[in-house]
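Please read the structure below before turning to the comments.
Atom set for the values below is all heavy atoms of this structure, side chains included, hydrogens, waters and symmetry mates excluded. We're numbering straight along the sequence, starting at 1.
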Amino acid sequence: SIAPAQGPARGGTPLVAVLSSPPTTTVYCRFGGSWRQGAVSGAAVTCVTPGPSTPGVVQVQLRVGEFEMVHGYGYYTFQQDAKVTQLLPFSGPATGGTVVSVYGSGFVSSGLACLFGSTVQTVAG
């Protein structure tokens, strides 16, 4: 298994793959392109996603040592960065309670939140 299964197209996301047993040699990861060395801790391998990448789904492959490959280890989705084009309304009372609409593109369907000062507010629909 791999986690997370998605992240920004700009790259830099640590991805963890769990092998069936701890490797005894160097492990390399590939996200649809060139190989990059992973960091091994027990049976877990951490690889950092490359960037910038084209948004879309790529196959994640692992290579243990120079020859042994694990094909089809999982899939990773490079997501387009979100772009905010408009916020409405522009202001509200300091006591809160104002519904704010955020317009733009590239938003994911879950796990969104807004930050108002130091307060995190989850997104409702």
Side-chain angles (χ1 to χ4, degrees):
S1 65
I2 61 170
Q6 59 191 14
R10 67 181 170 276
T13 301
L15 179 137
V16 177
V18 179
L19 304 175
S20 57
S21 61
T24 58
T25 185
T26 306
V27 177
Y28 298 90
C29 307
R30 180 163 64 182
F31 298 87
S34 61
W35 292 101
R36 14 178 75 220
Q37 186 171 340
V40 177
S41 177
V45 178
T46 301
C47 295
V48 177
T49 60
S53 298
T54 303
V57 178
V58 296
Q59 185 177 40
V60 177
Q61 295 177 310
L62 299 180
R63 182 178 83 206
V64 179
E66 292 299 316
F67 303 105
E68 183 184 344
M69 282 212 291
V70 179
H71 290 282
Y73 202 75
Y75 291 91
Y76 183 83
T77 303
F78 286 102
Q79 298 174 325
Q80 170 185 329
D81 284 340
K83 180 179 180 183
V84 174
T85 57
Q86 188 175 22
L87 296 172
L88 292 176
F90 296 112
S91 63
T95 55
T98 302
V99 174
V100 177
S101 296
V102 181
Y103 299 92
S105 61
F107 300 123
V108 294
S109 59
S110 64
L112 293 175
C114 293
L115 183 63
F116 296 94
S118 61
T119 303
V120 176
Q121 181 65 47
T122 58
V123 173

Chi angles and distances behind the side-chain contact (heavy atoms from CB on, under 4.5 Å) call for F107, V102: CA-CA 10 Å; F107 300 123; V102 181; 3.9 Å; yes
Would you call [X] and [Y] a side-chain contact if the rule is heavy atoms closer than 4.5 Å?
{"X": "V45", "Y": "L19", "answer": "yes"}
{"X": "L88", "Y": "Y103", "answer": "yes"}
{"X": "P50", "Y": "F78", "answer": "yes"}
{"X": "Y75", "Y": "V58", "answer": "no"}
{"X": "S105", "Y": "K83", "answer": "yes"}
{"X": "Y28", "Y": "V64", "answer": "no"}
{"X": "Y76", "Y": "L15", "answer": "yes"}
{"X": "V16", "Y": "P14", "answer": "no"}

Same apolar cluster (I L V M F W Y, side chains within < 4.5 Å links), I2/V48: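 Result: no, two separate clusters.
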Common cluster, L62/V40, ILVMFWY with side-chain heavy-atom separation under 4.5 Å: yes
Closest contact, heavy atoms only, [X] versus [Y]:
{"X": "A43", "Y": "S21", "result": "CB-C, 3.9 Å"}
{"X": "Q61", "Y": "W35", "result": "O-CZ3, 3.6 Å"}
{"X": "G38", "Y": "C47", "result": "CA-SG, 3.7 Å"}
{"X": "T98", "Y": "P89", "result": "CG2-CG, 3.7 Å"}

Using 0.5 Å steps for rounding, measure from the [atom1] atom of [X] to the [atom2] atom of [Y].
{"X": "S101", "Y": "Q86", "atom1": "OG", "atom2": "CD", "answer": "9.0 Å"}
{"X": "R63", "Y": "R36", "atom1": "CZ", "atom2": "CZ", "answer": "13.5 Å"}
{"X": "C114", "Y": "Q121", "atom1": "SG", "atom2": "CD", "answer": "8.0 Å"}

Q37 and T26: CA distance, side-chain angles, deciding distance, side-chain contact (heavy atoms from CB on, under 4.5 Å) verdict: CA-CA 7 Å; Q37 186 171 340; T26 306; 3.6 Å; yes
Keeping [X] on the side-chain end and [Y] on the backbone end, is there a donor-acceptor pair under 3.5 Å?
{"X": "T49", "Y": "G12", "value": "yes"}
{"X": "T13", "Y": "G7", "value": "no"}
{"X": "R30", "Y": "V60", "value": "no"}

side-chain contact (heavy atoms from CB on, under 4.5 Å) between V100 and F116, intermediate numbers included: CA-CA 11 Å; V100 177; F116 296 94; 4.1 Å; yes
